[in-house]
Amino acid sequence: MSLRKRISLRNTLAFRLTLWYAGIFTLSSCVAFLLFYTLITSVIQDRTDQELLSQVNRFSTLDAAEGIEAVKNAAVIEAQAAGVKKVFFRLLALNGQAFSSSNMAYWKDIDIDDAAIKELLRGHGHAFETITIPNRREKVRVLYAFLSPIIILQVGQAMESYSRFLDAFKGIFITTMTFLIVLAAGVGWFMARRAVSGVEAVTRTAQKISGGNLEERVPVKGRGDEIDQLATTFNQMLNRVQALLTEIKEMSDNIAHDLRSPITRIRGIAEVTLTTGKSLNEYEAMAASTVEECDRLLDMINTMLMISKTEAGVDGLVQEEIDLTSLVRKACELFEPAAEDKGVILRCDVSSGSRLTGDTRMIQRMLSNLLDNAIKYTPPEGSVSLSLSENGREIAVSIKDTGVGLSPTELPRIFERFYRCDQSRSQAGIGLGLSLARAVARAHGGEITVMSAPNQGSTFTVTLPKSLPPRS
Ligand code: ADP
């Protein structure tokens, strides 16, 4: 079933984006149309009003020059000339009684508005009104104005042509808008689909991964947009998860392997003793071997637990003032006999006074692991030297040996849990020493670095800050 089918269309982001896009487009277009329509209507009305006022002025001048009879004639002639369905004139006395008019056959429904007459008499120069003639849907703009102090002129002009223009404008707008809204929804849908297609690709990949295929990656289009950034981040996260899973798998393989050997040995000794053992001494030897193997197993399990606890960070540490110089000297003294036995020269080149805050036991353990390795992986007649250096905020402990060294392929892996280089498999060890050392250094806010070349020795340098990082 495709992803799109599973999510109902109404719930899709693309659909909602399209709806918003089309909605906002329609709303803003309607607002623009209303503003434009109002503007056009008011311009048209202004123009009509101006025409009516100029008509009144002309008639008023005629009245002053030639008298009311000339006005009456002019009204009839002008209405005829403009079209009896377009304009009408009516002459009124101050009481609102009409005493003359142009041809009113078409305008018989238009009454004389008492309110407008009263407004004129109250001193207003003129009064406008817009009348809709019943059954005709036609609008007429009517002006009442004084022609002389005793005569009022009522002049009306049909707004039919303007109405037609506005109706045509409305029609064109509605047609264009319908087309544009459909187009906008289409374009919006296309753009939204394009935008979310990247998100869908991420979802599809995540589904394939949850189905068990960790090799899948989201295609990056290379456009550098947000979807590309999401895809890149998602792929990086997958790389990290895959690396972690591989590491966990290798680690569990290693644990299984490292547990199997001592258990096989314990079982072997027990079996041999049971089948061939006759004396108490043989049973005692079996018990002693079992204890020894169990101690080794316990040591391994404890070290693993310690690494996990230390990796939790500074919160798991005891905080105390440490004289690092004397700690390094004590570690050298402790390993002096082992070095001597192996014929390795151990030098401890440290001057006093280097102090820091940290967990004494953990730092002791870290130094022991590093010294133990240096002696273990240095052949007889080689040398191991320890040195301390200090700058303002940090102390560095270097353990340099002239031992077997490490190849560039081994170097990045030696801090992994249970990792052991092929050439060291003959030596005792479980591959946890460096993991613990690095966990201790990091928990103190420091780091371990290594420089090494095959057969030329290695230098492990631990850098520790003088004060611990703040607790989380
Ligand atoms: P191990 O118990 O095997 O010593 P570590 O975690 O201490 O485990 O070390 C991991 C691997 O790193 C070792 O198996 C060894 O191959 C390599 N290694 C560590 N220290 C040194 C060193 N000073 N010189 C050469 N190889 C080293």
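Whatever order the structure lists ligands and atoms in, that order sets their numbers, starting from 1. None of the values given here were measured: they were computed from a predicted structure.
The CG atom of Leu371 lies 9.0 Å from the CG atom of Leu334; values are rounded to the nearest 0.5 Å. Atom-to-atom distance recorded for Thr41:OG1 and Phe165:CZ is 9.5 Å, nearest 0.5 angstrom.
Heavy atoms of Asp401 come nearer than 4.0 angstrom to ligand 1 in at least one pair. Remark: distances from the non-hydrogen atoms of Gly431 to ligand 1 include one below 4.0 Å. Contact between Phe460 and ligand 1 is present, with at least one heavy atom of the residue lying under 4.0 Å from the ligand. Contact annotation: Lys376 has at least one heavy atom less than 4.0 Å from an atom of ligand 1.
Phe128 meets the ring pair (Phe, Tyr, Trp, His ring centres under 6.0 Å) test with His126; sequence neighbours excluded. The side-chain hydrogen bond (donor to acceptor under 3.5 Å, both in side chains) search around Arg260 returns none, not counting sequence neighbours.
Numbered from 1 in the order shown, with element, the atoms of ligand 1 that lie under 4.0 Å from a heavy atom of Tyr419 read 10 (C), 11 (C). Contact atoms of ligand 1 toward Leu432: 6 (O), 8 (O) (distance under 4.0 Å to a heavy atom of the residue). Every atom of ligand 1 is numbered from 1 in the order shown, and the set under 4.0 Å from a heavy atom of Gly433 is 5 (P), 6 (O), 7 (O).
Relative to atom 5 (P) of ligand 1, the option among Ile414, Leu406, Leu370, Leu434 with the closest non-hydrogen atom is Leu434.
Without hydrogens or angle criteria, Lys342 side chain to Ile375 main chain gives a donor-acceptor distance under 3.5 Å.
In Tyr37, the OH atom is crowded: over 12 heavy atoms of neighbouring residues, nucleotides or ligands sit closer than 6.0 Å.
Considering backbone and side-chain atoms together, Gly429 places no N or O closer than 3.5 Å to any N or O of ligand 1. Among the atoms of Ile430, some N or O lies under 3.5 angstrom from an N or O of ligand 1.
Salt bridge absent: Glu390 and Arg355 never bring a charged side-chain N and a carboxylate O closer than 4.0 Å.
The parts of Cys421 lying near ligand 1 are both backbone and side chain, judged by heavy-atom distances below 4.0 Å.
Taking the six-membered ring for Trp and thresholds of 30 and 60 degrees, Phe33 and Phe173 have nearly parallel ring planes, at less than 30 degrees apart.
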